[in-house]
Structures are given as structure tokens and as C-alpha cells.
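A note on names: the letters A, B, ... follow the listed sequences, proteins ahead of strands, and every chain is numbered from 1.
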Amino acid sequence: MQPLLSQACWDTLYMVGWSTLIAVVVGLPLGVLLVLTDRGGLLQNALANKLIGQLVNVVRSMPFIVLMLALTAFTRWVVGTSIGREAAIVPLAIGAIPFFARLVETSVREVDRGLVEAVQSMGGNTWTVVRKVFVPESLPSLISATTTTIVAIIGYSAMAGTVGAGGLGDVAIRYGYQRFEATLMWIVVAILAVAIAIIQFAGDSAARVLHRRAGKGGEPFRFRLFGGFLPAGPVSAEATPAKTR
Amino acid sequence: MITTQGLTKVYRSRGREVTALDGVDLHVREGEVYGVIGQSGAGKSSLIRCVNLLERPTSGTVTVAGQDLTALAGRGPRAGRELREARSRIGMVFQHFNLLSSRTVQDNIELPLEILGKSGKERSAKALELLDLVGLADKAKSYPAQLSGGQKQRVGIARALAGDPKVLLSDEATSALDPETTRSILQLLRDLNQQLGLTVLLITHEMDVVKTVCDSAALMERGQIVESGTVSELLATPGSELAAALFPVSGDASGTDRTVIDVTFHGESATQPVISQLSRTYNIDISILGAAMDTVGGKQVGRMRIELPGRYEDNVVPIGFLREQGLQVEIQGNQDGQSVLLKEGVTK
């Protein structure tokens with residue numbers, strides 16, 4: 001039982017890790033592009049915006065299991081096989097890219113237009129705006145978006161067993177459900193719950209630290225999964241503005 | 001230093017056209033503080049954004065420091081390299097400061113230098129020097145969220161000066177600040193104008209701002225400049241709305257056989273204590289009904305409404321005396337017909 005579980009954990013970690021990395025690397029520019037090409041954006045382009053937007057919507061509305069099976073040929077072309085861990089990474093990443101891109105779009109849209117204007121008035125170009133304003137200013141929000149994406153990918157990865165990729169979800173389905181091994185089922189559930197709690201906690205903490213530094217306040221400190229488990233922390237005192245000279 | 005000719009900006013949205021600027025000719029001399037005042041919607045914001053081409057004018061030209069920026073703009077909405085270089089030589093401060101919340105104060109000031117491709121050492125030296133200049137030397141490592149509004153605007157000003165601009169654009173820089181902070185920021189702008197020979201173009205809806213720092217001013221209404229000139233020129237212009245708003249006087253005659261006159265002091269003319277001289281020379285009692293005076297460069301500038309005993313006919317000589325002193329005198333009267341004639345006599 002133990003080697004089975006540790007192998008499953010490792011498989012899940014492997015798939016989730018790689019597909020998150022790819023989703024972030026591709027989704028971030030895509031999300032930024034959605035903002036840039038939008039009406040009033042720095043690279044306003046109705047056609048490109050519509051195209052990217054539609055693509056994102058189509059992939060996002062697709063049930064993951066269908067997407068994974070539909071992408072079989074593409075997966076084989078990319079990694080040389082349509083079975084196994086590597087083969088699962090391709091659809092996982094492709095499913096997560098539009099998800100993350102939409103979250104990035106929302107985060108970047110929140111950035112104050114005035115900051116863009118300020119950078120332009122200094123002689124900055126579009127790339128400067130992306131690098132110095134969009135990304136750093138929305139970083140807390142981008143970290144939250146990444147956390148949400150990881151959790152979503154863990155969810156998707158449970159279906160990866162369909163293409164023989166293993167992982168915790170696969171163990172739960174094949175052993176826990178089909179063989180009625182209830183203990184194993186509950187162990188998997190516990191591992192997933194703890195893993196998600198840890199990821200959520202780490203992401204939230206990182207986002208909150210950055211958020212607080214930027215003086216945006218934010219909700220009081222709380223451990224989400226076990227709501228109210230930890231006491232609410234005080235809102236930073238340092239954000240109180242000093243008296244004017 | 002800054003010249004606009006026939007500047008027009010038309011916004012089109014969903015088939016509707018809104019004219020924000022309607023043929024604006026602006027001329028800002030080197031080394032002066034020029035204020036454009038107007039109500040919201042008058043086109044001030046569009047005007048200042050057209051000066052560094054954050055907004056593309058629909059027609060007309062903008063020349064800053066002898067360089068025709070409209071010619072650099074090229075086609076399309078994106079700014080080419082030449083325009084971006086020209087912008088980096090024009091500082092700009094904003095109403096809402098527009099500081100990056102993710103960067104420290106020092107890093108915010110270094111941002112324009114990063115864009116200019118300066119080395120790290122150069123950047124931090126310049127940033128610290130500027131922080132010292134704006135009086136925030138101890139705040140280098142703070143984040144904007146830890147600063148008060150006035151301090152944020154000081155950072156904004158320091159940042160605008162990082163590229164050693166000759167021109168500073170101020171977009172309602174004090175409108176989000178309380179009166180006392182406003183005064184200290186305006187004082188800073190004044191000091192920078194004098195120390196660095198900086199030309200400042202500011203837009204505002206507060207008359208006090210114009211009164212406190214501006215050498216020249218323009219009044220904007222519905223996308224057009226309706227009045228402009230140096231403060232003393234404006235004062236010397238009879239019926240100037242700006243002058244009346246800058247130096248408002250009010251007060252009514254206390255009786256029927258009284259003469260109420262408005263005396264305008266401007267520029268070179270008023271160096272003598274004329275009112276007391278008038279009183280002593282002609283042995284008349286003068287009541288001051290209202291006055292709005294300021295001392296600019298050691299000279300009194302402003303307007304005063306005074307009341308002389310007797311009708312106009314009795315006061316021809318004293319009024320003549322005031323005119324001889326080089327003062328502009330306007331007779332306020334309800335003696336119908338006659339007063340209009342008298343006024344015309346004054347305005348020539």
C-alpha cells in the first residue's frame with residue numbers, strides 16, 4: 001500500500017508541478033495580452049482580442065476529460081506518446097492556461113490606469129509598462145491566481161488516470177472505488193485535503209505579505225480550510241500615514 | 001518654452017463627438033509658472049495631456065523647448081522612440097500621485113532613470129539627491145502607503161525631476177491635498193521654479209493656486225482659452241473675469257451721495273501708499289468697502305473698492321489724482337446712463 005501511495009503522490013506532484021509551470025509561463029503573457037489588446041488598451045486590437053478571448057472561452061468551457069481525450073493526437077505529437085505522466089501534462093497545461101489567463105486578465109485590469117500614464121509620461125514603452133507596472137503591481141493578485149490554478153489542476157489531475165498517468169486520483173478511483181478499499185480512499189482524500197490546505201495557506205500568506213506592504217489592507221489573517229482555526233491577526237500598523245510636515 | 005497652436009481634440013465614441021479642445025493657442029515662456037484654470041470639463045486635462053502627447057491632438061501643433069512634438073508622434077496610437085525620448089525630458093506630476101505601491105520611495109524615483117537606462121549607482125545617487133531636495137531624505141526606504149498625501153506628492157515631484165527636465169507639467173497636483181499641504185507643495189514648486197529655472201505648466205480648478213504661484217494664467221471654458229496673460233496684465237484688463245476671480249471685491253455704497261470706485265493696483269504703478277496720500281491731500285474721509293491685495297515681488301497687486309463722500313461730480317479731482325498715480329480706476333455707480341459713460345471713459 002505504501003509504495004502505491006508514495007508513487008501516486010510523486011506522480012501527482014510531477015504532473016501538477018509541470019503543468020502549473022507551463023500554465024503560468026504561457027497564461028501570464030496571454031492574460032496581459034488580453035488587457036493590452038482590449039478597447040482603450042496600449043495595443044488596442046479588436047480582432048486579436050476577440051480571437052484570444054474566444055479561444056480562452058472555448059477551452060475553458062470544455063469538460064477536462066473531453067479535452068484530454070480530444071487532444072490525444074496533439075499530445076502524441078508533442079511528447080511522443082499519449083499514455084503516461086508526460087502525456088497527461090499536455091492536456092493539464094492546455095486546460096489550465098486559459099483558466100490562469102483569465103485570472104491574470106482580471107488582476108492586471110485592477111491596476112490603476114494612472115500608473116500606466118505615469119510610466120508613459122516618463123518615456124516608457126508598452127514593454128516597460130508590462131514589466132514595471134502590470135506585473136509588479138498585480139503580484140499579490142497574481143500569486144492568488146496561481147494558487148487557485150494549482151488547486152484546479154490538482155482537481156483535473158484526478159482524471160489523468162484515464163490516460164494511464166497514475167496519481168492520487170487514479171488510486172482513489174481504481175483501488176478506493178472499484179475495489180471497495182475504503183481505507184485507501186480516505187487516505188487519498190486526507191492527503192489531498194492537507195496538500196490543498198498547505199498550498200492555499202502558502203499562497204495566501206505570500207499574497208498577503210505583498211498586499212500589506214502595498215498598503216491595500218486586505219482581509220484579516222485566516223486559515224481558509226479550517227475557517228476560524230487561527231485567530232484574526234491585527235491589520236498592519238505601519239500603514240498609518242505619518243503626519244504631514 | 002511651450003507653445004500650442006490651434007490645438008483641437010475631439011473624442012469620438014459610438015458616433016458621438018465631444019470637442020474637448022477647440023483651437024487652443026497657449027504660450028508659456030521659459031522659466032515661468034503658468035496656470036490654466038477652469039471648471040471640470042473645460043478641457044484642462046486634455047490640454048495638459050496633449051502637451052506631452054499622452055493624448056494625441058486631433059489637429060494643431062505642440063512645441064516644447066523648440067521641438068515640434070506633434071511631428072514626432074508619427075502614425076498610430078503607439079509612441080515612437082523619438083517621442084518617448086522627448087517625453088522623458090518633460091516631468092509630470094499627477095493629482096493622485098501615481099506612485100507604484102510595490103516599490104519603495106527611492107525605487108519610485110529611480111523608475112524614470114531605469115527607463116533612461118542609467119546605471120544602478122547613478123540612479124541611487126540621483127534619487128537620494130532628489131529626496132533631499134524635496135525634504136524627504138529619511139523616507140527613501142518607505143513604501144508609498146506609509147506616507148501622507150503631501151509626502152506622496154513630494155515623491156511624485158522628485159520622480160518627475162529625475163530626468164532633469166526643463167519643463168514640469170502639473171495635473172491638479174494639489175487638488176487631493178488639504179489647504180496647508182497644498183501651500184507647502186506650491187511653495188516647493190515655486191522654489192524649484194526659481195532654483196532650477198524650471199518652467200511649470202499647471203492646471204487647476206483652484207483660484208488660490210494661481211494666486212499663490214503663477215506668473216501667468218489662462219482661463220479655460222468649453223475647450224477654449226478665453227483669457228490669458230501675466231497676472232498684472234490680466235489685472236490691467238478691464239472686465240477680466242480672471243482678475244475679478246483672483247481679486248474679488250464687493251461692497252455697496254452706504255448712502256446715495258457717495259461715490260464708489262474700484263482701484264486696481266498692478267505691476268509697476270503701485271509703489272506709493274496712495275490711499276492715505278489721497279486722504280491727506282484732499283482732506284477727505286475714505287472708507288474701504290472691500291479689498292483683495294497681494295504683494296508680489298515687493299509690489300502691491302490687487303483691487304480695492306473704496307467709497308468717497310459726495311457724488312461723482314464732487315470727486316473728479318481726487319479720482320484724477322488716483323489716475324495720475326498710474327492706477328486704474330473704475331467708477332461703480334447706480335446713477336444709470338452716466339456711469340456707463342464714465343466707465344467707457346475709463347476703459348477708453
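- Residue B/Asp208 holds its CG atom at 9.0 Å from OG1 of B/Thr182, rounded to the nearest 0.5 Å.
- The choice from B/Pro112, B/Ser88, B/Ser102 that makes the most heavy-atom pairs within less than 4.5 Å of chain A is B/Ser102.
- Both the backbone and the side chain of A/Asn125 have a heavy atom closer than 4.5 Å to some heavy atom of chain B.
- In this structure, chain A has no heavy atom under 4.5 Å from any part of B/Leu177.
- With a threshold of 4.5 angstrom between heavy atoms, B/Ile90 approaches chain A through N, CA, C or O but not through any side-chain atom.
- No part of A/Leu139 comes within reach of chain B, as not one of its non-hydrogen atoms sits under 4.5 angstrom from that chain.
- For B/Asp171 and B/Arg49, the salt-bridge test passes: some basic side-chain N is under 4.0 Å from an acidic carboxylate O.
- Taking chain A as the reference chain and counting heavy-atom pairs below 4.5 Å, the highest number among B/Gln95, B/Lys152, B/Met92, B/Arg84 is found for B/Arg84.
- Of the options A/Leu13, A/Asp11, A/Leu92, a side chain to side chain contact (heavy atoms under 4.5 Å, CB included) to A/Ser157 is made by A/Leu92 and by none of the others.
- Of the residues B/Lys126, B/Arg159, B/Lys121, B/Arg123, the one that meets the salt bridge (Lys or Arg N to Asp or Glu O under 4.0 Å) test with B/Glu110 is B/Arg123.
- Between B/Glu114 and B/Arg103 there is a salt bridge, since at least one side-chain N of the basic residue sits less than 4.0 Å from a carboxylate O of the acidic one.
- Neither the backbone nor the side chain of B/Arg81 comes within contact range of chain A; no heavy atom of the residue lies under 4.5 Å from a heavy atom of that chain.
- Residue A/Val119 touches chain B through both its backbone and its side chain, counting heavy-atom pairs closer than 4.5 Å.
- Tested against A/Ile22 for a side chain to side chain contact (heavy atoms under 4.5 Å, CB included), the candidates A/Val26, A/Val24, A/Val25 yield a single pass: A/Val26.
- Between A/Ser107 and A/Ser138, the side chains place no donor N or O within less than 3.5 Å of an acceptor N or O (distance only, hydrogens not considered).
- Interface residue A/Ser121: backbone and side-chain heavy atoms are both found under 4.5 Å from chain B.
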